[in-house]
Amino acid sequence: VGKDQLQHLEMTRDIAHSINHRYGNVLVVPEPKVAEEAMLIPGTDGQKMSKSYGNFIDIFLPEKELKKVVMGILTDSTPLESPKDAESCVVYQLFRCVGSPEQALQMRNNLQAGGYGYGHAKSELLGDEEGRSRGQAGGGEDDADGAGMRDGAVDRGGCAAEDPVV
């Protein structure tokens, strides 16, 4: 579970303890297991992603609308040619959630090297060929495992369904 869901798990534990006390050990008392990678997913404004904040990304939007949302992610004004701090970059933080560790490392290196702008990172987050080819050292290397938001979210969801975190 995410760290923000621990209070719900605690209530579930209390209910299970109460039922087990009254009727014997009929329920398994759940233990929290916090998935480190799911601790905090930033929204388009850098705050915690939340529908109530209006900073979430609906990956099922039509392509044009999704691109508008992703391209609207807040970034600083660091010039294209300058190195950027990947850890403070919302686009990089989101990309780590959908891309493979190798792809995330490549984006991190690209950001830190300079000559790779936030627009390139946003395109790569969307899974656009332009962003991926710009991010490849060799330029244009084929990436059949695209790390776009839709592909990455579906792939990660499939993995989560096969190996649930309780």
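For the numbers below, each heavy atom of this structure counts, side chains included, while hydrogens, waters and symmetry mates do not.
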When you look at NE2 of H21, are more than 12 heavy atoms from neighbouring residues, nucleotides or ligands closer to it than 6.0 Å? no

Could you tell me the separation between the NZ atom of K67 and the OG atom of S123, rounded to the nearest 0.5 Å? 6.0 Å

Closest approach of A16 to V29 (non-hydrogen atoms, all atoms of both residues): CB-CG2, 4.0 Å

Quick check: is F56 connected to V91 through a chain of hydrophobic side chains (ILVMFWY, heavy atoms under 4.5 Å apart)? yes

Are the side chains of K68 and L61 in touch, meaning some heavy atoms are under 4.5 Å apart? no

Starting at CG of L125, measure out to CE of M71 and round the result to the nearest 0.5 Å. 9.5 Å

Please find the pair of heavy atoms, one from G46 and one from P42, that lie closest to each other, and give the distance. O-CB, 4.1 Å

Going by the side chain to side chain contact (heavy atoms under 4.5 Å, CB included) test, name the single residue among Q103, Q106, R108 that passes it with F95. Q103

Could you measure the distance from the CG atom of L9 to the NZ atom of K33? Nearest 0.5 Å is fine. 13.0 Å

Using side-chain heavy atoms (C-beta onward) and a distance below 4.5 Å, is Q47 in contact with N55? yes

Measuring from I15:CD1 to H17:NE2, what's the distance to the nearest 0.5 Å? 11.5 Å

When you measure from the side chain of D58 to the backbone N and O of L66, does any donor-acceptor pair fall under 3.5 Å? no

So I73 and L94, do their side chains get closer than 4.5 Å, heavy atoms only? yes

How far does CD1 of I57 sit from CE of M49, to the nearest 0.5 angstrom? 4.5 Å

Backbone N or O of T78 within a donor-acceptor pair of the K84 side chain at under 3.5 Å? no

If you compare all heavy atoms of L6 against all heavy atoms of P32, which two are closest, and at what distance to 0.1 Å? CD2-CB, 3.7 Å

Taken to the nearest 0.5 Å, the spacing of D14 CG from I19 CD1 works out to 11.5 Å

